[in-house]
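Shown next, in structure tokens, is the structure this report addresses.
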Amino acid sequence: MSDQTRFILNESDLPKNWYNIAADSPLPPTPVLHPGTLEPVTPDFLSVLFPMDLILQEISTERYIQIPDEVREIYKLYRPTPLIRARRLEKALGTPAHIYYKYEGVSPAGSHKPNTAIPQAFYNKAAGTKALTTETGAGQWGSALAMAGNFFDIAVEVYMVKVSYQQKPYRRNLMETYGAQVYASPTNRTNYGRSVLDSDPGSPGSLGIAISEAVEVAATSGGAKKYSLGSVLNHVLTHQSVIGEESLKQMDMANEYPDVVIGCVGGGSNFAGIAYPFLRENLKNGKRTRLLAVEPTAAPSLTKGVYTFDYGDTAKMAPIVKMHTLGHSFIPPGIHAGGLRYHGMAPSISAFHDAGLIDAVAVPQLATFEAAVQFARSEGLIPAPESAHAIRAAIDEALDAKIKGEKRVILFNLSGHGNFDLAAYEKYLQGDLEDFEYPAAAVEEAMTRLPQAAIPA
Ligand SMILES: *Cc1c(COP(=O)(O)O)cnc(C)c1O
């Protein structure tokens, strides 16, 4: 064990390859289906939305995918990111556990999301894309893509969930500063947005609706615009593997190996980013690290959703995948961890969870903010409300280790800082936040609207 607190890698330690879990997965792949025909999608259908390099990564079973030099040069603006031992938090908890966190909030946009925004912009530029459309919830993904698009001279059009657009003006300002166009979704710019507004003029929006709008704009642009997604897809999870690959080296510097690796999950990208390189070690090298995905009780796709085929978006324009889902018609309660309010989950995480290779837990909003404040007061950093879910679970692990008198080694991903989320902290400190349990009956009801027929078992 090392007596250091911060474990810092050199620029030369920046990974040269992304790690693709598909190469080592013991599970059969599940098909991706066309939302209209319910038949397996063809690259033709996907190529309306994505450049071919990313489609090939999406279906690749190569273990390692080389990171282009142009992408590595931009990664160097903030990578390798630090791994820090939370010694003051350990003391505050009085735990024999060792708590480490990987800190992705040092990226210019403040979260892990540039890890995939940068390569997505790069491959689109190489394919001649003129503009990228996307959705954003809390604004983290939109700001990462706005930054990356600007670096590669591609226009970026962001459909931002209306309630977040209103609650989080600073994230919108950030996106506009990077040069992006930001619209409050549902908008009247798309057929789908207009149909939502017709039936519900006061709609707060949802990620599912915003995805539908961004997909519609790209799909009807005659090829000039492509669509970009910040989570869920295989290629996104692969890009995020730099988090776990660096963490493996840094845990080695600390002379320890994690008993448990923890990440919050919205669509699953930062969790997969830190966890999949450790899952590889479990599958191939006999390690036995527990991998724990943490979600809000208000959007509990892994712990309360059903593992089945469902649409990726509300308007049924995006591909159908097999995943843990609350139903594509899910309209999330207005909790503050905006980035965790998606109805589905990355197909690979869903499959690993179903097979018992990944654990999941749901935590309520108040206990999550309590953990965030305890973390801020001991370690100094204000975490993003999303990341605070991982902190809640890490603290619970450390307290459990204390009861059992175990020297457990805990590693969690601190996916982003919360400097733009202070309005949520204000509400918590004033006692204005509430817990929300997503009702099982709502899940059951939504399951009646799953894609029907021809779906393989
Ligand atoms: C977007 C976001 C998340 C959730 O997305 P994943 O794809 O599940 O990682 C978590 N934390 C932060 C800081 C985010 O911006």
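Read the numbers this way: they start at 1 and go in the same order the structure lists the ligands and their atoms. FYI, side chains are in, hydrogens and waters are out, and symmetry mates aren't considered; it's all heavy atoms of this structure.
Aromatic ring orientation, Tyr307 versus His324: parallel (interplanar angle below 30°, classes split at 30° and 60°). In this pair, Tyr101 and Phe412 present their aromatic rings parallel. The plane angle is below 30°, not in the 30 to 60° band. Ring geometry for Trp18 against His239 counts as tilted: the plane angle lies between 30° and 60°, on a 0 to 90° scale. The aromatic rings of Phe436 and Tyr438 are tilted relative to each other, their planes meeting at an angle between 30° and 60°. Ring planes of Tyr311 and His328: perpendicular class, angle over 60° (limits at 30 and 60°).
Considering backbone and side-chain atoms alike, Gly268 places an N or O below 3.5 Å from some N or O of ligand 1. Checked by distance only, ligand 1 and Gly266 come closer than 3.5 Å through their nitrogen or oxygen atoms. Note: no N/O pair closer than 3.5 Å links Glu386 and ligand 1 by distance alone. Looking at ligand 1, you'll find an N or O of Ser415 within less than 3.5 Å of one of its N or O atoms. Residue contacts with ligand 1: Gly416 is placed with no nitrogen or oxygen under 3.5 Å of a nitrogen or oxygen of the ligand (distance criterion only).
For Lys102 and Thr81, the side-chain atoms include at least one donor-acceptor pair closer than 3.5 Å.
When each atom of ligand 1 is checked for a heavy atom of Cys264 under 4.0 Å away, the hits are 10 (C), 11 (N). Interface of Val265 with ligand 1, defined as ligand atoms under 4.0 Å from a residue heavy atom, comprises 8 (O). Heavy-atom contacts of Ser231 reach the following atoms of ligand 1: 6 (P), 7 (O) (cutoff under 4.0 Å).
At least one test fails for Arg85 against the ring of Phe7: distance under 6.0 Å to the centre or angle within 45° of the axis.
Contacts between His112 and ligand 1, counted as non-hydrogen atom pairs separated by less than 4.0 Å, involve the side chain only. Both the backbone and the side chain of Asn270 come within 4.0 Å of ligand 1, counting heavy atoms alone. Under 4.0 angstrom from ligand 1, the non-hydrogen atoms of Lys113 all belong to its side chain.
Between Tyr257 and Phe278, the ring centre distance stays below 6.0 Å.
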